[in-house]
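Structure first, then comments.
Basis for what follows: all heavy atoms, side chains included, without hydrogens, waters or symmetry-related copies. The shown structure was predicted, so the numbers you read here are calculated from the model rather than taken from an experiment. Letters A, B, ... mirror the listed sequences (proteins, then strands); counts begin at 1.
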Amino acid sequence: MSESPAREVAKASDFIREIINKDLEAGRHDKVVTRFPPEPNGFLHIGHAKSICLNFGLALEYGQRLPGTGTDCHLRFDDTDPTKEDTLFEESIQADVRWLGFEWNQIYHASDYFERLYQCAEHLIEVGKAYVCSLSDPEIREYRGTVKSAGKNSPYRERSVEENLDLFRRMRKGEFKDGLHVLRAKIDMANPNMKMRDPLLYRIRHARHHMTGDQWCIYPMYDFAHPISDAIEGITHSICTLEFENNRELYDWVVDELMEFAKFPTRPRQYEFARLNLNYTVMSKRRLLELVEGGHVRGWDDPRLPTLAGLRRRGYTPESIRDLCASVGVAKANSTVDMAQLEFCIRNDLNHKAPRVMAVLNPLKLVIENYPDDQVEELEASYWPHDVPKEGSRMVPFSKEIYIDQDDFMLDPPKKYFRLAPGAEVRLRYAYCVTCTDVVKDKDGNVTEIRCTYDPDTLGKNPEGRKVKGTIHWVSAAHAVDAEVRLYDRLLSQEAPPTGKDSEFLNAINPDALVVLTGCKLERSLADAKPQDRFQFERQGYFINDEKDSKPDAPVYNRIVTLKDSWARSQGK
RNA sequence: UGGGGCGUCGCCAAGUGGUAAGGCACCUGGUUUUGGUCCAGGCAUUCAGAGGUUCGAAUCCUUUCGCCCCAGCCA
């Protein structure tokens, strides 16, 4: 705490931590305070998770490394545009951050600072660094110039301090309609950085704000509110995404101009990192909104979406998402992470968390001809494979008539097909080996039933004199629990959506992103499962009991992710 | 009158003048009553290209090329 050598710093794992370490070593700060500043106008997605993990993670790490400084990452709602924001979004954002596993000490709002922001604005006017501009919206745009050419000064740029103050105060009082005047910083209309060409600080908006009600009719812009909010709160490192790099110069201008006047406790600095992109999905607010409002998915928590609500309902664990964020690192290069990386993370997490059970998704009746008609054996089946160090098992009923999956039988199998086929023998998981002796077909030639014989001497041991390579899952017909199973897959059928502006990306939606199966057969033990329980359906994937649609007598399961399937891959599927 | 960034294996990403980490993906074998897991092995003579400095360069210099961001009274 006090002895400075105790401030030995762990090896930085990315450029942000490197910067923080240097700041600490140089004594620029003696604690680290970060912030996660969502605008409450939409749902959080996995891209936000990267920012959440970074900002809250930094606070946690340095809070531990610098004992006594506390752990401080501010959840701050950037609520400066009353026409778009709402309390509903604040609630879902809080729920999502908590679900991800992070906690804040206090909730902040940019709107908490409206009065101070206003005082800062008046100060800038008084020192001649801000003025009221009465150009129209299109005129302002025209005067701004272009990326390749300088802008020109507004005719209102040289108004007197007195006139500016009077106008600004009347703006606050509500004497003007929306759009009539704005407050602008007086910087440089020829600055090569367009963000510095007399940026707007305040605009008039006669709109009710979800936090401040009708108290205000002028609202600060992001570029004004954000740096001041950071500075007021004592944020040390203000971390945002790459597209704000150009805003940094303005961020610094605002803080520098106000530092003395506002007596900020710290001099915050902004740093930018590359946002998370994933292939086979969409992440932009606009596209997510279009999917939801266009009815292409069933709401913000549709398991096909990369929203945190969607991933949660899909069955992804917070641990798996944090693991993804840790594994992709933090850097400045624009990048797109492979969905396979996320899928690895959830499989890796669930491998030792999800008990194994048997479920037949596309049932095919199998009758064991030499098994006694009314006999039922209770066989012990472990919930965990040998390599997962957990205890626990259940009894599964075995009988003459069972269901197996259609994929596990072929009339004319290719080489190295280890499952069932005419004349072939296969192991029934936890039970006996059976040999297919006959098949029953309907008039169209479809196999409707399989006839087998079993070898009574193969329970818990291998048959003598022959090798049975395949093991398949099954469910006793008389004891099965019927269920609906929703097979989810990647949202898009191509890596990147078409680049077109409008709704073109809708054409890239994977038609099989959701396949609903009914009449699936679950093993008896699943009758006791609760919503949100996760299981591995052996040989098929990880599934979760749906939190909304599942009913005790009509369970619904969502497929979280398939198991790796090297057989399917070798078959070129 | 343009400015700000970024380019290291199929995808991420370490590396900060001393001779290319790691993860995912992929390929080989082994174990296996999950074609899962696990284990063993393989996978960049080269860092966008070209020059240069140096005993030595992904790292320094010069130059070329490519990609991203900025012209909301959004954030």
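Contact annotation: A:Arg144 side-chain N/O to B:C73 OP1/OP2 distance is under 4.0 Å. At the phosphate of B:G4, neither OP1 nor OP2 sits under 4.0 Å from any side-chain N or O atom of A:Arg248. For A:Ser149 and B:G2, the shortest distance from a side-chain N or O to OP1 or OP2 is not below 4.0 Å. At least one side-chain nitrogen or oxygen of A:Lys564 sits closer than 4.0 Å to the OP1 or OP2 atom of B:U37. Side-chain N/O atoms of A:Arg203 include one lying less than 4.0 angstrom from OP1 or OP2 on B:A75. Note on A:Thr83: every side-chain N or O is 4.0 Å or more away from OP1 and OP2 of B:C74. Between B:G36 and A:Ser566, a contact under 4.0 Å exists linking OP1 or OP2 to a side-chain N or O.
Taking the six-membered ring where the residue is Trp, A:Tyr222 and A:Phe244 present tilted rings, their angle falling between 30° and 60°.
Salt bridge A:Asp230/A:Arg76: present, at least one basic N to carboxylate O contact under 4.0 Å. With respect to the salt-bridge test (charged N to carboxylate O, under 4.0 angstrom), the residues A:Arg394 and A:Glu380 do not qualify.
With A:Tyr118 as the aromatic partner, A:Arg172 meets the cation-pi criteria of under 6.0 angstrom to the ring centre and within 45 degrees of the ring axis. Geometrically, A:Arg490 engages A:Tyr280 in a cation-pi contact defined by less than 6.0 Å to the ring centre and at most 45° from the axis.
In this structure, A:Tyr542 reaches neither bases nor backbone, as no heavy-atom distance under 4.0 Å exists between it and the strands shown. Using a 4.0 Å heavy-atom cutoff across all strands shown, A:Ala333 reaches sugar-phosphate atoms only and no base atom. Contact annotation for A:Gly151: no contact, since no heavy-atom pair falls under 4.0 Å across all strands.
The aromatic ring of A:Phe418 sits over the base of B:G35, with ring centres less than 5.5 Å apart and planes tilted by under 30°.
Judged by Watson-Crick or G-U wobble contacts below 3.5 Å, the nucleotide B:G10 has B:C24 as its partner.
Applying the 3.5 Å distance criterion, the base of B:G36 shares a donor-acceptor pair with the side chain of A:Asp387. Donor-acceptor pairing under 3.5 Å, judged by distance alone, is present between the side chain of A:Asn246 and the base of B:G3.
In this structure B:G72 sits in the syn conformation; its chi angle is within 90° of 0.
Closest to the side chain of A:Ala331, out of B:G36, B:A14, B:G5, is B:A14.
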